[in-house]
Amino acid sequence: MTSLEEERRNVPFECRGCWHVWEEEYVVRHAVDGHGNECRIWLRGGLPVLPPSPGAVICPRCGSQQATTFPEGYLSRHPELIPPASPPKPDESKLRSPVKYPLFYERIT
């Protein structure tokens, strides 16, 4: 007789190449066979995958394999790390130099 339990996990990642932060959802199946042996099966989209670990995940933005993981629930405690859905609007004001012009230059505004 075997027992089977399933749980959903959201694992946060950060790319060390482009610093993109994202989360991926996994289903983890915990199974125990009739002999008392335990195992975990990690699934994404219904297919078995490697457990999340540095180097096992590819960044969706730049394709780098240099991603690192955060503890589960880390992004819910640090929402400032989640990038906005759209880029911020650029500042329309003119740039002004803090450096004073020498007297012999003609200043054009």
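As the structure is a prediction and not an experimental result, all values here were calculated from the model.
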Measuring only between side-chain heavy atoms, which start at C-beta, is C62 closer than 4.5 Å to H20?
no

Spell out, yes or no, whether V28 and L43 are grouped together once hydrophobic residues are joined by side-chain heavy atoms under 4.5 Å, including indirect joins.
no

Calculate, to the nearest 0.5 Å, the distance between atoms OG and CH2 belonging to S64 and W19 respectively.
10.5 Å

Roughly how far, to the nearest 0.5 Å, is CZ of R29 from CD of E7?
12.5 Å

Specify the closest pair of heavy atoms between L50 and Y26, including all atoms of both residues, with the distance to one decimal.
O-CE2, 4.4 Å

Among residues two or more places apart or on two chains, list those pairs meeting side chain to side chain donor-acceptor pair (under 3.5 Å) that have a residue in residues 43-60.
E24-R44

Do you know which two heavy atoms are closest between W22 and C15, and how far apart they sit?
CZ3-N, 3.7 Å

CG on N10 to CD on E25, rounded to 0.5 Å
5.0 Å

Kindly work out whether a path of hydrophobic side-chain contacts (I/L/V/M/F/W/Y, heavy atoms less than 4.5 Å apart) joins F13 to W42.
yes

Residues two or more places apart in sequence or in another chain: which of them pass side-chain hydrogen bond (donor to acceptor under 3.5 Å, both in side chains) with R40?
none

Could you state whether V27 and V49 fall into the same hydrophobic cluster, counting links through intermediate Ile, Leu, Val, Met, Phe, Trp or Tyr residues with side-chain heavy atoms under 4.5 angstrom apart?
no

Closest contact, heavy atoms only, A56 versus P51:
CB-O, 4.1 Å

For the residue pair P12 and E23, what are the closest heavy atoms and their distance?
CA-CG, 3.9 Å

